[in-house]
2 protein chains.
Amino acid sequence: MKYKPEDIPEITIRRLSIYLQILKLLEERNINMISSNQLASLSHTNAVSIRKDLSYFGEFGKKHIGYNVNSLIRAIKGILKTDKGNYFIIIGYGNMGTAIAHFPGLANDDFILKGIFDNDENKIGQEALNGIRITDIRDIHSFLNNNNIQLAVLATPLNVAQITADNIINAGIEGILNMTGKQITVPKDKFVYDFNITTGFEWLSYFTYKKEQYNDH
Amino acid sequence: MKYKPEDIPEITIRRLSIYLQILKLLEERNINMISSNQLASLSHTNAVSIRKDLSYFGEFGKKHIGYNVNSLIRAIKGILKTDKGNYFIIIGYGNMGTAIAHFPGLANDDFILKGIFDNDENKIGQEALNGIRITDIRDIHSFLNNNNIQLAVLATPLNVAQITADNIINAGIEGILNMTGKQITVPKDKFVYDFNITTGFEWLSYFTYKKEQYNDH
DNA sequence: TCGTGTGAAGACTTTCACAGCG
DNA sequence: CGCTGTGAAAGTCTTCACACGA
């Protein structure tokens with residue numbers, strides 16, 4: 001069965017990422033084969049979901065046997081387009097920018113940090129890590145002209161989130177990982193993945209309290 | 001119309017958080033009334049969604065007029081149970097723990113940091129911020145016995161994510177904001193909200209690349 | 001017989017269309 | 001009229017049930 005890209009649920013993409021994470025752990029442990037049932041219990045999903053998600057992109061399993069861990073990893077990386085290495089930059093080198101720069105495993109997941117930008121005179125020019133120096137945000141246009149970089153982490157203060165997003169999209173960025181906690185607006189052909197700490201807290205607040213209510217009666 | 005808690009879609013809760021964020025901005029700008037249409041365009045959702053989401057919890061609007069910003073804020077805070085202040089702790093004071101501790105607006109959103117824990121002898125005893133000292137993770141049981149704290153941010157290294165989650169749940173934590181990037185397993189009556197940086201990157205990789213494919217032909 | 005891949009059924013969520021009311 | 005609140009329809013996603021092949 002052949003699917004068009006627009007038939008593929010968006011949530012399938014997010015689950016592929018989770019499957020991939022577990023598969024990499026299995027690879028480290030030198031496990032070669034895995035069934036959708038086993039993968040389901042390790043990734044907190046379910047077996048049919050896994051098979052359905054994969055079926056949007058092809059047939060990767062062997063009947064009676066399951067999936068080869070190595071080739072499934074390669075397949076999912078191919079789907080997510082992380083198999084050739086993706087460059088990214090960090091905009092705003094405060095606490096959150098620093099946390100992302102040092103986040104473990106990103107390079108291992110084929111995301112490679114190529115630049116860090118800020119507007120603070122005291123930070124510009126300093127070495128952040130791995131020989132990467134903090135660059136003046138005003139130089140971002142020329143920097144992106146000379147590099148093939150599509151992705152940026154936005155980690156500025158709230159009050160400059162939108163103006164900075166406008167600026168980096170203008171300079172050629174296609175996708176933004178938005179860590180600011182502020183909703184930003186981008187053109188329809190660009191992409192934003194929102195991390196909202198407050199939403200996380202509020203979600204937990206609602207569900208932990210809801211449980212209490214049930215326990216009471 | 002009256003709904004039971006289990007009839008309320010989980011995504012409604014996440015959207016309430018987004019509406020709340022926008023409403024707070026409106027409050028700052030002294031805007032008193034807003035229609036679902038206006039709120040929709042500001043929050044990147046749609047008007048019917050907003051009305052439906054709110055209708056699960058009651059009737060908050062006035063026909064012909066719209067919603068009062070102040071009372072809708074109070075209503076949503078009441079739903080999310082953030083109206084009386086929620087205490088939380090941070091487990092693991094590396095780069096990510098530091099970023100969360102300094103994340104702007106959490107106190108304003110009624111989430112109040114009450115403790116920071118780590119296992120690094122060099123960090124324990126140091127003051128992190130606002131008079132909060134880093135506490136030995138081994139003291140978490142007695143700490144939680146003496147405080148009414150349900151929520152924790154998990155920001156440890158990957159390799160101790162699960163064992164630390166087990167430990168803090170054992171000590172009484174009900175909900176975990178998981179920043180580790182590793183899937184963790186918790187008992188069914190506890191809650192985890194996952195922030196997975198790698199999933200964010202992979203999602204962006206897929207969608208920015210998909211767009212390229214369309215542009216090519 | 002076991003585990004994949006997949007149409008079809010079922011469940012859930014969004015959107016439509018409009019009643020109701022100031 | 002204009003805007004909310006909401007049954008019902010439409011659309012999307014998940015789960016079921018089973019054909020298929022090793």
Side-chain angles (χ1 to χ4, degrees), chain A residues 1-19 22-23 26 31-73 75-76 79 203, chain B residues 1-19 22-23 26 31-73 75-76 79 203 206-207:
Chain A
M1 173 72 208
K2 196 60 189 147
Y3 293 90
K4 281 173 257 159
E6 62 269 30
D7 295 337
I8 298 163
E10 184 267 341
I11 197 166
T12 286
I13 304 306
R14 258 183 289 187
R15 278 193 303 247
L16 288 180
S17 169
I18 304 298
Y19 309 149
I22 305 297
L23 289 164
L26 296 171
I31 294 167
N32 284 314
M33 300 299 299
I34 191 157
S35 71
S36 55
N37 259 291
Q38 295 170 304
L39 185 55
S41 69
L42 292 169
S43 59
H44 305 150
T45 52
N46 76 74
V48 184
S49 207
I50 292 172
R51 299 205 299 276
K52 194 66 139 185
D53 285 343
L54 293 173
S55 78
Y56 291 119
F57 301 97
E59 306 196 357
F60 304 103
K62 298 258 183 295
K63 291 179 172 63
H64 192 221
I65 296 176
Y67 301 88
N68 177 285
V69 172
N70 267 262
S71 52
L72 191 53
I73 288 174
I76 296 179
I79 294 164
W203 187 94
Chain B
M1 173 76 209
K2 195 60 188 151
Y3 292 90
K4 280 174 257 159
E6 63 268 30
D7 294 337
I8 297 163
E10 183 266 341
I11 196 165
T12 286
I13 305 306
R14 257 183 289 186
R15 277 193 302 248
L16 288 180
S17 168
I18 304 298
Y19 308 151
I22 305 297
L23 288 165
L26 296 171
I31 295 166
N32 283 314
M33 299 301 297
I34 191 161
S35 72
S36 55
N37 259 292
Q38 295 169 303
L39 185 54
S41 68
L42 292 169
S43 60
H44 304 152
T45 52
N46 74 73
V48 183
S49 206
I50 292 173
R51 297 205 301 273
K52 194 69 140 184
D53 286 342
L54 293 172
S55 77
Y56 290 119
F57 300 98
E59 307 194 357
F60 305 104
K62 298 258 181 296
K63 291 178 174 61
H64 190 222
I65 295 176
Y67 300 88
N68 177 285
V69 171
N70 266 263
S71 53
L72 191 52
I73 287 174
I76 296 179
I79 294 165
W203 187 94
Y206 175 82
F207 282 103

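Bear in mind that the values here come from a model prediction, so they are computed numbers and not experimental data. To find a chain, count down the sequence lines: A is the first, B the second, and so on, and within it residues start at 1.
Partners of B/Ser71 under the side-chain contact (heavy atoms from CB on, under 4.5 Å) rule, at least two apart in sequence or in another chain, are B/Asn68, B/Arg74. Applying the side chain to side chain donor-acceptor pair (under 3.5 Å) test to B/Ser17 and every residue at least two apart in sequence or in another chain returns A/Thr199, A/Glu202. Residues passing the side-chain contact (heavy atoms from CB on, under 4.5 Å) test with B/Ile73, sequence neighbours excluded: B/Leu20, B/Leu23, B/Lys24, B/Glu27, B/Val69, B/Lys77. In terms of the side-chain contact (heavy atoms from CB on, under 4.5 Å) criterion, residue partners of B/Thr45 (sequence neighbours excluded) are, by chain and number, B/Arg15, B/Tyr19, B/Ala40, B/Ser43, B/Ile50. B/Asn32 meets the side-chain contact (heavy atoms from CB on, under 4.5 Å) test with no other residue; sequence neighbours excluded.
Between the CG atom of A/Leu72 and the C1' atom of C/dT4 there is a distance of 12 Å, given to the nearest Å. Note: CG (B/Asp7) to P (C/dT13) measures 10 Å, nearest angstrom. Remark: P of D/dT6 and CZ of B/Phe60 are 11 Å apart, rounded to the nearest angstrom. The separation between A/Tyr67 atom OH and C/dG3 atom C1' is 8 Å, rounded to whole Å. Atom P of nucleotide D/dT14 and atom CD1 of A/Ile8 are separated by 14 Å, given to the nearest angstrom. The nearest whole Å value for the distance from the CD1 atom in B/Ile50 to the C1' atom in C/dT13 is 16 Å. We find that CD1 of A/Ile11 is positioned 12 Å from C1' of C/dC12, with the value rounded to whole Å.
Remark: B/Tyr56 is not in phosphate contact with C/dT13, judged by side-chain N or O atoms under 4.0 Å from OP1 or OP2. Taking side-chain N and O atoms only, A/Tyr3 has no distance below 4.0 Å to OP1 or OP2 of C/dG7.
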Quick one, A/Phe60 with A/Ile76, criterion side chain to side chain contact (heavy atoms under 4.5 Å, CB included). Give me CA distance, side-chain angles, the key distance, then yes/no.
CA-CA 10 Å; A/Phe60 304 103; A/Ile76 296 179; over 6 Å; no
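Residues B/Gly66 and A/Pro9 each lie close to DNA chain D; by heavy-atom proximity, the contact nearer the 5' end of the strand is made by B/Gly66.
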Using nucleotides 15-22 of chain D, report all nitrogen or oxygen pairs with the protein that are shorter than 3.5 Å.
unit_1	atom_1	unit_2	atom_2	d
D/dT15	OP2	A/Asn46	ND2	2.7

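Sorted by residue number, the list of members of residues 33-43 of chain B with any non-hydrogen atom under 4.0 Å from DNA chain C is empty.
A ring-centre distance under 6.0 Å is found for A/Tyr3 and A/Tyr56.
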